[in-house]
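Each residue takes its place number in the sequence, starting with 1.
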Amino acid sequence: MATDNKDTIYIDIDDEITTIIEKVRSSTEKIVALVLPKRATVLQSIVNMKLLKRSADNAKKSLVLITSEVGLLPLAGTVGLYVARNLQSKPEIPAVDAIDDEPETLAEPDDGGIDFDPANVADKSVGDLAVSSSVPLVGKAAAKVDPIETLELDDDEAPLAVADKPAKTPKAAKPKKDKKLAVPDFDSFRKKLMLGVPILLLVIILLYVAATVLPKAEITVLTDTSSVNSNLAVTIDTGIKAADLAKGTLPAQLQKVDKSGSQQVATTGKKNNGTAASGKVTMSLSDCSVSSVTVPAGSGVTANGLTFITQADAVLQSVQVGHTCENSQFPNYSTATVAVTAQAPGAQYNIAATTFKVPSYPAVTASSSSSMSGGTDNVVQVVAQSDIDNATQKITATNSDSVKQQLEQQLKQAGQFPLDVTFVAGTPNTTASAKAGDQVSTVSVSQTTTYTMFGVKESDLKALVDNDIKDKIDPSKQSILDEGLSKAAFKVNSTTATGAQLAISTVATAGPDLHADKLKAQLAGMKSGEIKDTLKSDPGVSDVQVHLSPFWVTSVPKKASKVTITFQKAN
């Protein structure tokens with residue numbers, strides 16, 4: 001006899017579907033027998049029956065309903081749940097088409113059915129509660145339930161109940177699920193929608209970038225050209241209204257930007273906040289070379305490289321008897337004892353009795369009869385001036401390059417040709433969170449600087465170069481193809497608040513009468529072959545090289561800024 005590893009759960013008539021599902025999930029056995037009371041209305045709903053079936057499948061449990069209610073058999077058969085008349089009957093899946101539309105009433109046994117009260121049977125075994133024989137179906141139902149599917153258990157699992165082996169019954173086809181009863185999975189739909197929208201936006205952005213931002217065209221036109229040098233002295237000024245090509249003066253625009261920056265650095269200064277040593281020093285005149293000396297308070301006396309400051313005046317007088325100096329005999333006149341204090345705090349000023357020098361008074365000697373004492377150390381970290389200077393230099397270095405690029409971009413957006421040689425950083429306004437000598441571990445330095453750069457109209461510069469070299473070419477055969485401003489050398493000779501004096505050196509290119517700006521508009525939208533055919537029709541053009549990028553671009557972008565045309569002299 002196999003060991004019974006099923007779990008029998010008795011359902012109360014008041015149990016909700018959620019309670020029943022939780023009992024099934026909580027079971028530790030693979031086979032769970034649900035003993036249903038009579039008139040178990042909670043499972044007379046196809047939705048509840050499906051929920052019970054799905055929960056059992058998700059928990060990997062084989063579920064058997066122990067009931068003889070004919071009204072539950074069609075629902076159990078529809079969702080594929082096994083049903084047994086009692087705990088000793090073999091579980092089977094009722095055939096859906098074997099159930100009459102109007103189920104007949106089951107004959108109830110006189111000595112017990114499966115209408116269990118869990119409170120009364122809690123202390124009884126499954127065998128005691130099982131009905132000795134199965135409850136038969138009556139009427140039409142008895143004749144229609146033969147073709148049913150039986151539950152086959154794995155070899156390592158015990159059967160639901162030990163009984164005589166019945167004759168094998170052919171398995172009926174598994175009933176198909178009713179798609180009309182399927183509940184939409186809104187969570188899955190929401191996840192797909194949340195994932196799909198960003199992907200769609202990303203695709204749109206990528207298509208825009210691929211079609212508008214990335215496409216570029218580089219066209220090199222090889223012509224019979226000649227190089228013409230131009231050296232100009234140019235005056236630019238914001239006060240000039242119009243260009244004067246004869247005088248070499250051009251109107252300018254001054255672009256400004258205020259840049260603020262801050263840096264925080266650790267302080268490196270040291271300061272001793274301890275106490276200063278003190279003591280007394282006796283001064284005396286060593287000879288009578290002077291008649292009297294007054295050493296004022298605040299004078300310094302030194303010993304062992306340490307300086308002490310006198311706290312009172314010392315008045316010394318020479319005593320001469322006849323021609324003999326008697327200073328040592330009259331110390332009340334020739335000597336004076338004054339208090340001194342160390343020039344700075346620190347324990348190193350605690351020195352023993354010694355002799356001192358009085359640097360400002362060579363005729364005076366000094367000594368102490370007792371040691372200097374009271375000096376202590378209390379070294380703290382303070383701001384050094386070098387800390388502030390270091391932070392200021394870091395701000396300036398950080399801002400310079402980025403601000404220069406910013407000014408160039410602003411001038412280009414304003415239709416100006418930026419003259420980066422006129423880039424100037426004004427006097428910075430610097431503030432520090434602490435001053436030199438303050439006791440802090442870090443110091444923050446903030447700085448605001450006004451940066452300036454001049455720009456002029458590129459058309460004015462081109463006109464200036466054209467005017468300079470017009471007499472150096474043959475206008476009947478040539479035109480100026482490129483003024484060479486992209487490679488021109490600019491030098492500032494002098495500056496003012498409103499302008500500058502510049503020297504410009506450039507190499508212009510003269511050749512067939514072709515203009516880059518006109519060609520950009522003419523070639524827009526053309527493919528590589530069309531471009532070559534169009535340009536080679538000019539007798540001064542010997543060859544044309546076209547490079548379109550990225551690889552998917554097949555025609556010249558319509559935006560002129562995306563097209564670069566270069567004229568080169570053919571070999």
Exercise: do S367 and T355 side chains pair donor with acceptor under 3.5 Å: no
Salt-bridge criterion met for K61 and D7 (N-O under 4.0 Å): no
T498 side chain to D237 side chain, donor-acceptor N/O pair below 3.5 angstrom: yes
Aromatic ring pairing F490/F417, orientation class (parallel under 30°, perpendicular over 60°, tilted between): tilted
Contact summary for A510 and I473, nearest pair of heavy atoms: CB-CG2, 3.7 Å
Heavy-atom closest pair, residues N272 and N378: OD1-N, 2.8 Å
Under 3.5 Å: donor-acceptor pair, side chain of N350, backbone of G375: yes
Donor-acceptor contact present, side-chain K562 to main-chain P557, <3.5 Å: no
Worked check of side-chain contact (heavy atoms from CB on, under 4.5 Å) between S402 and Q406: CA-CA 6 Å; S402 62; Q406 182 179 350; over 6 Å; no
Pair S284, T365: side-chain N/O donor-acceptor within cut-off below 3.5 Å: yes
Distance-only side-chain donor-acceptor flag, S292 / Q317, under 3.5 Å: no
Between T275 and T376, a side-chain donor and acceptor under 3.5 Å: yes
Closest heavy-atom pair and its distance - F567, T223: CD2-CG2, 4.5 Å
Verdict with supporting geometry, N429 and T448, side-chain hydrogen bond (donor to acceptor under 3.5 Å, both in side chains): CA-CA 5 Å; N429 180 18; T448 301; 5.5 Å; no
Pairwise side-chain contact, L535 with L523, heavy-atom cut-off 4.5 Å (strictly under): yes
Over all atoms of both residues, closest heavy-atom pair of S528 and V546: OG-CB, 3.7 Å
